[in-house]
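Start at 1 and go down the list; that is how both ligands and their atoms are numbered. Heavy-atom basis, side chains included; hydrogens, waters and symmetry copies ignored.
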Amino acid sequence: MTAHANADQLKDRKPGDAVDSIALNEQDFGDNPIEVRESDHYAQEYVGGLVDKWDDLINWKKRARSEGNFFVDQLKARGVETVLDVATGTGFHSARLVEEGFDTVSADGSPQMLAKAFQNGLEYGGHVLRVVHADWRWLNQDVHGEYDAIICLGNSFTHLFNEHDRRKALAEFYSMLKPDGVLILDQRNYDSILDGVAGSNRTYYYCGDQVSAEPDHVDDGLARYKYTFPDGSQYFLNMFPLRKDYTRGLLRNVGFQRIDTYGDFQQTDGSTTPDYFIHVAEKTYRTAEELAELDAAGPNAA
Ligand code: SAM
């Protein structure tokens, strides 16, 4: 059980004091973990042991098989050349996209995850990932240029705990896209969890054999997941349970035009219960009539 921060760093800390996440070896959820509902907290969750074990959780080979070419096909179909991966994590998608020839920049707000990504880039194919430490809410301060595509994958957007932060992050993403750019953002199917339709399922993203990922606490404002590893160690992530249509509404409100939502990498008619939703949001301007036509024809209602 490693839900406490390393003692040296935290012994003199008062509530509200900032923690230098780069020095943390262990997660810090304080005395009342289910009250931790802050957009800033992620950097204290992706630390130490969890960073080292993350790749057991997501098993790169199996993940590559289950995702297939979905993201690469989406990008190639739009003629994408430059990609900003804003939630690089340990580098799975960045490394894959570099391998496929995309000009990729890899950002993340957790310095420990980025360090691991850099190392993984070298190990898996000898790629020198261009990593940038940046938080989505002020992404433009640290990452420059415009991109054909931005990806925010692996159920990352769930780490923002209030609408103000979500809108600001999406506005930053939108502004860093070229006029015909695309944002691909995924999320766990929290609707089914909140509505009691399904429990945890790690078929698609969390493909490690030996690792269990299960909800520890779920309410309208928090999905706290527990990850148990073969050595008995346990880690937690506190996330905001985004409803699918809420995320789509936010994307539309920020200015994205056509938004296609896929379930587990497939077009879906809403008759199945996917584990994950993938929103593909285009910036290209459409008239209201065009959008209505596309909405009626496309897999928007996943
Ligand atoms: N995309 C990777 C994957 O699929 O394996 C990583 C996913 S991990 C669940 C979420 C990542 O989002 C973490 O690396 C975390 O540091 C990053 N993150 C969360 N909130 C962030 C924020 N506000 N700004 C930048 N990065 C953030």
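Proximity of Trp136 to ligand 1, defined as any heavy-atom pair under 4.0 Å, is shared by backbone and side chain alike. At a heavy-atom cutoff of 4.0 Å, ligand 1 is contacted by the side chain of Arg63 but not by its backbone. Contacts with ligand 1 closer than 4.0 Å are made by backbone heavy atoms (N, CA, C, O) of Ala134 only, the side chain lying farther away.
Among Tyr46, Trp138, Tyr42, the residue whose heavy atom sits closest to atom 9 (C) of ligand 1 is Tyr46. Between atom 23 (N) of ligand 1 and the options Asp40, Asp135, Asp85, the minimum heavy-atom separation is to Asp135. Here atom 17 (C) of ligand 1 lies nearest to Asp108 when heavy atoms of Val51, Thr158, Asp108, Leu50 are compared.
Those atoms of ligand 1 with a heavy atom of Trp54 less than 4.0 angstrom away are 5 (O), 8 (S), 9 (C). Close approach of ligand 1 to His159 (heavy-atom distance below 4.0 Å) involves ligand atoms 19 (C), 20 (N). Set against the non-hydrogen atoms of Ala87, the atoms of ligand 1 under 4.0 Å away are 1 (N), 2 (C), 6 (C), 12 (O). Atoms of ligand 1 lying under 4.0 Å from any heavy atom of Met113, numbered from 1 in the order shown and given with element: 14 (O). Residue Leu153 has at least one heavy-atom neighbour below 4.0 Å for each of these atoms of ligand 1: 1 (N), 2 (C), 4 (O), 7 (C). For ligand 1, the atoms sitting less than 4.0 Å from at least one non-hydrogen atom of Ser110 are 16 (O), numbered in the order shown with element in parentheses. Short contacts between ligand 1 and Ser156, defined as distances under 4.0 Å to a heavy atom of the residue, involve ligand atoms 7 (C), 8 (S), 10 (C), 11 (C), 12 (O). In the vicinity of Gly109, heavy-atom distances shorter than 4.0 Å reach the ligand 1 atoms 25 (C), 26 (N).
Taking the six-membered ring where tryptophan is involved, the planes of Trp136 and Tyr42 are essentially parallel, since the angle between them stays under 30° and well short of 60°. Between Tyr246 and Phe240, the angle of the ring planes lies from 30° to 60°, which puts this pair in the tilted group.
Defined by atom type and a distance below 3.5 Å, a donor-acceptor pair is present between the side-chain atoms of Ser233 and Asp231.
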### Task
For the pair Leu97 and Ile151, evaluate side chain to side chain contact (heavy atoms under 4.5 Å, CB included) and give the outcome as yes or no after the intermediate values.
CA-CA 11 Å; Leu97 295 182; Ile151 58 169; 3.7 Å; yes
### Query
Can you list the steps and then say if Asp219 with Arg37 is a salt bridge (Lys or Arg N to Asp or Glu O under 4.0 Å)?
CA-CA 12 Å; Asp219 62 42; Arg37 298 166 186 229; 2.7 Å; yes
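Using a 4.5 Å heavy-atom cutoff, the side chains of Val182 and Gln74 are not in contact.
Glu67 has no carboxylate O lying under 4.0 Å from a charged side-chain N of Arg96, or vice versa, which leaves the two without a salt bridge.
Hydrophobic clustering (side-chain heavy atoms under 4.5 Å, transitive across Ile, Leu, Val, Met, Phe, Trp, Tyr) keeps Leu114 apart from Leu139.
In this structure, Thr261 contributes its side chain and His279 its backbone to no donor-acceptor pair below 3.5 Å. In this structure a side-chain-to-backbone donor-acceptor pair under 3.5 Å is present from Asp191 to Lys244.
Looking at Asn155 next to ligand 1, no N or O pair under 3.5 Å apart turns up.
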